[in-house]
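Worksheet for the structure shown next.
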Amino acid sequence: MKAIVVRKAGGPEVLNYEDVPTPQVKPGWSLVQIKGFGVNHSEIFTRQGLSPSVKFPRILGIECVGVVIDSTSDELKVGQKVISIMGEMGRDFDGSYAEDVLLPNEQIYPVQTDLKWSDLAAVPETFYTAFGSLKHLQIKADDSILIRSGASGVGVSTLRLLKAKYPTMKITGSVRSLKKKDVLLDAGYDSVIEDKNGHLQTDKKFNKILELVGPATLKDTFNHVLPYGIVCNTGELGGQWYMDGFEPISDIHEGALLTSLSSGEVNSQKLNEMLDYIKHYHVEVSPTKIYRLDQVKDAHEYLESGHNLGKVVIVNLIVMRLDMFMSDLFFVFLIINRMFVFRYLTKYRNQTAPSSNV
């Protein structure tokens, strides 16, 4: 099979597209054919050598969508549509930057959805992280919301989930460069705040804050939460994994609460609950960019450029061609349908038009 193998830490150039043996099923594990996966900042950190527990060579990738092709579990059927996220995929064992992936049975979650593969690939890590974080934030319709790192994949996913259910809710996004301000406003944010050197350039405070930069800015975030508000620290986009010099008594102000979303808080029921929410509220889940497996290097470069807004995904080449075929087929159907309607109306007019007497 084809896969992206990282043999040493470094830049995007260490992402090698090559042939590797297809994994063999072993007790407690199942083989999944990958239809698509999202590209995440944590994978960039790992590629750079910033994940101490990861040993190279390694196939990266912490999430995927696909179908079961071989299993040792009676609960996982061949051909079943599944999602896999969290756990140690792409860290302790080879991950989703491949055509197939061998996964622990307990990390494979059957799902029911009509989303096309490229859209479903944008959902697992970003939308599930956003969905779980919003539940921990105990969102109410009249809340004022700040999403710290508003242009990130999880940030945009959170925005879409909220606006789909609460169209009039006021949501602010932070961004390191105000060059992205108009882009964020076009995406649906009501206002944009500059995040300069880890400090928000505003005195405004909010009921609920989703902290995606992480420990690097968490202390500053508590300066912007209202009394008895909630901060959910979910991301680590600041590249800092731990807090230094954090004093809860003095740094958490006026009864504010701190929560987080753990990587272990996932199962099929919760994933299908999220997918039902997406369907019920017609949430837009389309990715910002779609690449092929042999273009993972380009996807990493794009994500690192800082120009991205939303989710970047990789799809299997066959899936990409099928999506294009279905899109073309639908277009042809529309043309044929319009031709049929036009001919019918023309015939109807000719039959009902009054005859002229000479």
Side-chain angles (χ1 to χ4, degrees), residues 35-41 63-65 81 83 85 111-135 137 139 141 143 145-175 180-192 208 210 212 232 234-235 237 261 270-291 299 302-303 307-316 319-320 322-324 326-328 330-331 334:
K35 299 296 186 180
F37 59 87
V39 181
N40 299 280
H41 284 277
E63 63 172 295
C64 71
V65 299
K81 187 177 294 186
I83 286 176
I85 57 174
V111 294
Q112 296 181 352
T113 177
D114 296 325
L115 291 174
K116 63 181 182 179
W117 287 115
S118 57
D119 286 351
L120 186 59
V123 168
E125 192 75 20
T126 51
F127 275 91
Y128 184 76
T129 300
F131 186 73
S133 298
L134 290 177
K135 293 185 74 172
L137 282 168
I139 297 296
D143 280 336
I145 308 290
L146 170 65
I147 301 174
R148 192 150 191 177
S149 191
S152 65
V154 176
V156 173
S157 299
T158 304
L159 172 72
R160 291 178 179 179
L161 289 170
L162 286 172
K163 285 292 188 179
K165 186 174 182 179
Y166 307 107
T168 61
M169 176 177 281
K170 300 302 180 184
I171 305 175
T172 300
S174 76
V175 65
K180 283 188 176 182
K181 180 178 179 179
D182 290 340
V183 178
L184 264 66
L185 293 175
D186 290 341
Y189 284 100
D190 296 284
S191 58
V192 178
K208 309 290 172 63
L210 178 57
L212 297 174
C232 182
T234 297
L237 297 178
L261 180 70
K270 291 180 179 180
L271 284 167
N272 281 296
E273 179 187 357
M274 172 197 64
L275 291 169
D276 289 342
Y277 180 105
I278 288 171
K279 182 177 181 178
H280 180 77
Y281 292 106
H282 306 288
V283 181
E284 174 58 52
V285 298
S286 299
T288 301
K289 287 271 192 178
I290 302 175
Y291 293 92
Y302 174 70
L303 208 59
H307 299 308
N308 66 296
L309 178 74
K311 190 66 175 179
V312 175
V313 304
I314 308 295
V315 297
N316 181 292
V319 171
M320 184 176 287
L322 179 61
D323 283 348
M324 292 174 64
M326 294 302 294
S327 178
D328 291 343
F330 180 70
F331 182 69
L334 286 179

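Residue numbers count from 1 along this sequence.
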Provide the closest heavy-atom pair for Asp119 versus Pro287 in the form atom of the first, atom of the second, distance. OD1-CD, 3.5 Å

Measure the NZ-CG distance between Lys165 and Leu134 for me, rounded to the nearest 0.5 Å. 9.5 Å

The criterion is salt bridge (charged side-chain N to carboxylate O under 4.0 Å, His left out); which residues satisfy it with Glu125, sequence neighbours excluded? none

What heavy-atom pair brings Val283 and Ala164 nearest, and what distance separates the two atoms? CG2-CB, 3.7 Å

Pair Lys163 + Asp190: basic N to acidic O under 4.0 Å: yes

Could you check whether any side-chain heavy atom of Met274 comes within less than 4.5 Å of a side-chain heavy atom of Leu271, counting everything from C-beta outward? yes

Can you measure from CG (Leu162) to OH (Tyr189) and round to the nearest 0.5 angstrom? 9.0 Å

Quick check: closest heavy atoms across Pro124 and Val65, and the distance to 0.1 Å? CG-CG1, 3.6 Å

What are the two closest heavy atoms between Leu210 and Ser133, and how far apart are they? CD1-CB, 3.7 Å

Considering residues at least two apart in sequence or located in another chain, which fulfil the side chain to side chain donor-acceptor pair (under 3.5 Å) criterion with Thr172? Ser191

Please walk me through it: do Arg148 and Leu212 pass side-chain contact (heavy atoms from CB on, under 4.5 Å)? CA-CA 6 Å; Arg148 192 150 191 177; Leu212 297 174; 5.6 Å; no

Determine, stepwise, if the pair Lys270 / Lys135 fulfils side-chain contact (heavy atoms from CB on, under 4.5 Å). CA-CA 11 Å; Lys270 291 180 179 180; Lys135 293 185 74 172; 5.6 Å; no

Which heavy atom in Val312 sits nearest to a heavy atom in Ala299, and how many Å separate them? CG1-CB, 4.0 Å

Might you confirm whether atom CG of Asp186 has over 12 heavy atoms from other residues, nucleotides or ligands at distances under 6.0 Å? yes

Determine whether Asp114 and Lys279 make a side-chain contact, defined as any pair of heavy atoms from C-beta on separated by less than 4.5 Å. yes

Test item: Val156 and Lys311 side chains (from C-beta on) under 4.5 Å apart, heavy atoms: no

Quick one: closest heavy-atom pair of Ala122 and Val285, and the distance? CB-O, 3.4 Å

Hey, are the side chains of Lys35 and Leu120 touching, using non-hydrogen atoms and a 4.5 Å cut-off? no

Looking only at atom types and distance, does a side-chain atom of Tyr277 sit under 3.5 Å from a main-chain N or O of Leu161, one as donor and one as acceptor? yes

Worked verdict on Met169 versus Ile139 for side-chain contact (heavy atoms from CB on, under 4.5 Å): CA-CA 11 Å; Met169 176 177 281; Ile139 297 296; 3.8 Å; yes

Supply the atom-to-atom distance Ile314 CD1 to Phe37 CZ, rounded to the nearest 0.5 angstrom. 5.0 Å

Tell me whether Lys181 at atom NZ has more than 12 heavy atoms from other residues, nucleotides or ligands lying less than 6.0 Å away. no

Using side-chain heavy atoms (C-beta onward) and a distance below 4.5 Å, is Leu184 in contact with Lys180? yes

Taken to the nearest 0.5 Å, the spacing of Ile83 CD1 from Leu275 CG works out to 5.5 Å

Starting at CD1 of Ile147, measure out to SG of Cys232 and round the result to the nearest 0.5 Å. 11.5 Å

With side chains defined as the heavy atoms from C-beta onward, is the minimum distance between Arg160 and Tyr281 less than 4.5 Å? no

Going through the distances and angles, do Thr129 and Ile85 end up as a side-chain contact (heavy atoms from CB on, under 4.5 Å)? CA-CA 10 Å; Thr129 300; Ile85 57 174; over 6 Å; no

What is the distance from atom OG1 of Thr158 to atom CZ of Phe131, rounded to the nearest 0.5 Å? 11.5 Å

